[in-house]
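Reviewing the structure listed below.
Heavy atoms only: backbone and side chains are in, while hydrogens, waters and symmetry mates are out. Heads up: numbering here begins at 1 and tracks the sequence. Whatever order the structure lists them in is the order used to number ligands and atoms, beginning at 1.
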Amino acid sequence: MGREHAVPEDHPRVTSLRARERLVDGIAAGMTSQHGLIAHGRGEAFDYLLGEQTIASAADACEAAVATMLLAEHPVFSVNGNVAALVPEAAVSFAETVGATIEVNLFHRSDERIEAIASHLNAHGATEVLGGGAEARIPGLSHDRAVVHEEGIFSSDVVLVPLEDGDRAEALGAMGKTEIVIDLNPLSRSSQVAAIPICDNITRALPRMEAMAGELSVLDDDTLESIVEAFDPAKARADAETTIRTGDLTGVGE
Ligand code: ATP
Ligand code: MG
């Protein structure tokens, strides 16, 4: 891999092109599915309309998400082939700072892809990744996408599920999980069922959450709870939707 040099530094769309390179490399490494490219393209369209920036309400959502993970008994970070290809460094370091278990959780589940993703995360410093050998099932879901680890997502109280399939996000909600979803589309079912919808690109949101985790980890539980209580998920979705629909980017940033 190491093909990032192929994108010229001074190209005006260098950030977006680098993300695409990472996903293409993710496919070559057996981590990312071809469907993942389509999902990313859908995300890019929303990101374009948001001005490729973290809007203020998404920054608030990141903060509430980090506080929720820090307060959780058993937080789990669900990682798929796009997340592993795009932000492996931030994923590993964020999980470690908030004490979250990393579980590889795939829509198009295959042992080879799970193994490729787990090795990639291990190469980026992850000490434990729940990958193959999962035997529990999310109730109400047919197919392999229901398979999860008993000691991971199945028994979690809080689960961070970036770029999640809407159907599975609903089923996890029905299990009583507190869901944190990173999804650029505020209208997606995943965003709609999330206690904390982060309408932002994961390439910006996760490094931001990683930086915040260090700062918030020194706060007491009461302070963290007040951060969570102050967050309004419906407003966060509405802010993102208004920005996308009106195209008015005035004052939406921080
Ligand atoms: P729904 O949730 O509406 O049922 P879905 O989850 O089945 O739909 P997909 O297209 O599979 O639909 O989901 C991919 C989602 O991930 C899209 O909503 C897209 O906006 C989002 N997405 C893709 N790439 C990124 C990214 N880099 N950062 C944040 N969100 C992304
Ligand atoms: Mg979705």
*Which atoms of ligand 1 sit under 4.0 Å from any heavy atom of Asn201?*
26 (C), 27 (N), 28 (N), 29 (C)
_Hydrophobic clustering (ILVMFWY, side-chain heavy atoms < 4.5 Å, transitive) - are Val158 and Leu224 grouped together?_
yes
*Examine the proximity of ligand 1 to Asp200 and report which part, side chain or backbone, both or neither, has a heavy atom under 4.0 Å away.*
backbone
_Geometry only, no angles: is Leu86 polar-contacting ligand 1 at N/O separations under 3.5 Å?_
no
*Please write out which residues are connected to Ile138 in a hydrophobic cluster, directly or through intermediates, given that two of Ile, Leu, Val, Met, Phe, Trp, Tyr count as joined at side-chain heavy-atom separations below 4.5 angstrom.*
Val76, Leu141, Val148, Ile153, Phe154, Val159, Val161, Leu172, Met175, Val181
*Does ligand 1 have a heavy atom under 4.0 Å from the side chain of Glu164, from its backbone, from both, or from neither?*
backbone
*Subset of ligand 1 atoms that lie under 4.0 Å from at least one heavy atom of Leu163*: 22 (N), 25 (C), 26 (C), 28 (N), 29 (C), 30 (N), 31 (C)
*Near His40, which atoms of ligand 1 are under 4.0 Å from a heavy atom of that residue?*
23 (C), 24 (N), 27 (N)
*In ligand 1, which numbered atoms sit nearer than 4.0 Å to a non-hydrogen atom of Asp165?*
6 (O)
*Is it the case that Asp183 and Ser188 place a side-chain donor and acceptor less than 3.5 Å from each other?*
yes
*Could you tell me whether Leu187 and ligand 1 have an N or O pair separated by under 3.5 Å?*
no
*With a cut-off of 4.0 Å, which atoms of ligand 1 are near a heavy atom of Asn185?*
18 (O), 20 (O)
*Would you say Ile55 and Asp200 make side-chain contact, with heavy atoms under 4.5 Å?*
no
*Does a side-chain heavy-atom distance below 4.5 Å link Phe231 with Glu63?*
no
*Is there any side-chain hydrogen bond (donor to acceptor under 3.5 Å, both in side chains) pair reaching into residues 133-154, and which pairs are they, with sequence neighbours excluded?*
Arg145-Asp167
_Would Arg189 count as being in polar contact with ligand 1, using the rule that some N or O on each side must be under 3.5 angstrom apart?_
yes
*With a 3.5 Å cut-off and no angle check, do the side chains of Ser93 and Glu210 form a donor-acceptor pair?*
yes
*Between the side chains of Asp220 and Thr223, is a donor N or O closer than 3.5 angstrom to an acceptor N or O?*
yes
*Can you list the ligand 1 atoms lying under 4.0 Å from a non-hydrogen atom of Phe46?*
20 (O)
